[in-house]
Amino acid sequence: MAKSLAGRVAAITGASSGIGASTAEACGERGMRVGLFARREERLLEVAERVRSAGGEAEVVPGDVRDREAVFGLVERVTRRWHHLDVVVANAGFGITAPIAGTPPDEAREIFDVNVLGSVWAVQAAWPIFRTAGAGHAILVSSAAAIHGLPANGLYSATKAAQRNLAEALRIEGGEIGVDVSVVYPIMTTGTEFRKRVADHTGEDEERESARVGGPRQSAGEVAAAIVDCMESPRFEVYPWKPARLLPLAEAASPRLTARLLRYREYYRRQTESS
C-alpha cells in the first residue's frame, strides 16, 4: 500500500553528489525532511538549498561514514530536529579498479570500511528508533555488480554483494519488528562523481575506461526516482534499470556462461589497451 511521503523524515549517507544528492532532491519534491550526511560540508549546503527549493526541509550533518559515532550523530541530529526517523538510505560508497592481487592493502581496507561498514553503521544507528516505533525503512544502495564479481572490480563487487547479503538478513530481522528493508541495484550511472573517486590501478584514463566498459547507462535522477518510489511503496529488490532483473536469473541458470562473458569482457579490455 502506497505511503504518503510528505512530512516523513529520511537520513541519507553519501548525500553530497550523485545518487545521494539526487535522492535528497527527489525527497524534497515529495515534501520530505532530509538529513544530509557526507564529508564535504559545502556540497551538502548546496544540496540542502536544492532540497528546500524543491519543497522539503534539510539538515546538514558533515561526517565520514567510516566513523561510527559520526553516523550515529546524523541520526541523533535528525531525530532531535524532527522527533522521529522514517527512512535511512545507506548510499555512501566508492570503487577500486584493479586486480584483487594488485590492490594496495590500505585501499582494500578502506573500500570495506566505506561500502560495507558504512552501511552497517547507518542501520545500527537507525534500528533502535525503528524498533521503538515498530516501523521504518532501511534502504541499502548496492549495485548490479553484486550479482557476479567483475574482473578488475572484484573488491568493489564483493562489497556490493556484502550489502546484498546484509539486506537479506535485515529483511528477516526487520520483518519481526515491522521494519521494511530494500536493496537497490543500479547499473553504471551517469551524472555522478563515482568515476572521479575510483582508485584506478589499470593505467586507463576516464574516457578510455568508460568506452571500454560500454553497456547500458542510467542517470542518477533515474536511480533516485526508483528509490523514492520504493519509499512510497516498499519492496525488497529495486532495479532502476528494469532489464537488470534478469541478471540473477541468468546467473542462476548458467554461472559458467556468465563467467565466460566476463572473461571475454576482460579479454576485450586488454585488446583495447594494446591497440
Side-chain angles (χ1 to χ4, degrees), residues 3-16 19-41 43-93 114 116-141 163 166-167 169-171 173-184 224 227-228 230-232 234:
K3 304 176 182 178
S4 172
L5 297 182
R8 297 177 73 82
V9 179
I12 304 173
T13 67
S16 61
I19 292 172
S22 294
T23 300
E25 292 178 55
C27 288
E29 292 171 357
R30 301 292 190 95
M32 294 180 68
R33 300 162 173 172
V34 190
L36 307 171
F37 184 88
R39 291 181 296 178
R40 297 176 293 177
E41 183 173 10
R43 297 294 297 274
L44 290 178
L45 291 170
E46 294 171 3
V47 175
E49 282 303 309
R50 296 200 294 271
V51 170
R52 295 179 187 119
S53 296
E57 299 179 45
E59 178 79 7
V60 168
V61 185
D64 191 325
V65 77
R66 294 173 295 181
D67 182 344
R68 184 174 184 268
E69 291 185 6
V71 179
F72 272 66
L74 162 68
V75 171
E76 191 276 331
R77 284 270 296 276
V78 164
T79 54
R80 186 197 317 159
R81 176 168 177 179
W82 292 306
H83 309 295
H84 67 286
L85 177 68
D86 298 294
V87 185
V88 63
V89 181
N91 168 73
V114 173
V116 181
L117 288 180
S119 297
V120 173
W121 303 154
V123 168
Q124 288 186 348
W127 213 253
I129 297 167
F130 292 167
R131 182 186 296 112
T132 298
H137 194 173
I139 300 176
L140 279 63
V141 181
Q163 286 180 303
L166 287 171
L170 284 169
R171 183 187 192 186
E173 296 172 3
E176 297 174 353
I177 57 174
V179 176
D180 292 306
V181 175
S182 302
V183 57
V184 186
I227 291 172
V228 174
C230 177
M231 292 181 190
E232 189 173 53

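Residue numbers run from 1 in the order of the sequence given. Quick caveat: nothing in here was measured; it's all calculated off a predicted structure.
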(request) Give, for atom CG of Leu36 and atom CZ of Arg50, the distance between the pair rounded to the nearest 0.5 Å. (result) 10.0 Å

(request) Provide the closest heavy-atom pair for Val47 versus Ala24 in the form atom of the first, atom of the second, distance. (result) CG1-CB, 4.0 Å

(message) Minimum heavy-atom separation for Gly35 and Val78, please, with both atom names.
(response) CA-CG2, 3.7 Å

(request) To the nearest 0.5 angstrom, please state how far the CD atom of Glu232 sits from the CZ atom of Arg30. (result) 4.5 Å

(message) Going by side-chain contact (heavy atoms from CB on, under 4.5 Å), Val9 matches just one of Asp86, Val88, Val87. Which one?
(response) Asp86

(request) Give, for atom CG of Leu74 and atom CD of Glu69, the distance between the pair rounded to the nearest 0.5 Å. (result) 14.0 Å

(message) Going by salt bridge (charged side-chain N to carboxylate O under 4.0 Å, His left out), name the residues that satisfy it together with Arg66, two or more places apart in sequence or in a different chain.
(response) Asp64, Glu110

(request) Report yes if the side chains of Gln124 and Arg68 come closer than 4.5 Å at any heavy-atom pair, otherwise no. (result) yes

(message) Show the nearest heavy-atom pair for residues Gly118 and Val65, with the distance to one decimal.
(response) CA-CG2, 3.5 Å

(request) Given side-chain contact (heavy atoms from CB on, under 4.5 Å), test Arg171 with Val183 step by step and report yes or no. (result) CA-CA 10 Å; Arg171 183 187 192 186; Val183 57; over 6 Å; no

(message) For Val141, is there any backbone N or O sitting under 3.5 Å from a side-chain donor or acceptor partner on Asn91?
(response) no

(message) Once side-chain hydrogen bond (donor to acceptor under 3.5 Å, both in side chains) is applied, do any residues pair with Glu76, and if so which ones, sequence neighbours excluded?
(response) Arg80

(message) Working to the nearest 0.5 angstrom, can you tell me the gap between Glu173 CD and Leu166 CG?
(response) 9.5 Å

(message) Return the CE to CG distance between Met231 and Asp180, rounded to the nearest 0.5 Å.
(response) 12.0 Å

(message) Run the side-chain hydrogen bond (donor to acceptor under 3.5 Å, both in side chains) test against Thr23 and tell me which residues pass, sequence neighbours left out.
(response) none

(request) Could I get the full list of side-chain hydrogen bond (donor to acceptor under 3.5 Å, both in side chains) partners for Trp82, not counting sequence neighbours? (result) Glu57

(request) Determine the minimum heavy-atom distance between Ala125 and Val71, stating which atoms define it. (result) CB-O, 4.2 Å

(message) Which heavy atom of Ser119 sits nearest to which heavy atom of Gln163, and what is that distance?
(response) OG-NE2, 2.9 Å

(message) Which heavy atom of Thr13 sits nearest to which heavy atom of Ala122, and what is that distance?
(response) CG2-CB, 4.5 Å

(request) To the nearest 0.5 Å, tell me how far Asp67 CG sits from Phe72 CZ. (result) 11.0 Å

All N/O donor-acceptor pairs, side-chain side in residues 128-140, below 3.5 Å, sequence neighbours left out:
{"residue": "Thr132", "atom": "OG1", "partner": "Pro128", "partner atom": "O", "Å": "3.0"}
{"residue": "His137", "atom": "NE2", "partner": "Ser182", "partner atom": "OG", "Å": "2.8"}

(message) Quick one, Cys27 and Val51 - any side-chain contact, counting heavy atoms below 4.5 Å?
(response) no

(message) List the residues meeting side chain to side chain contact (heavy atoms under 4.5 Å, CB included) with Ala38, not counting sequence neighbours, and say none if there are none.
(response) Ser16, Leu44

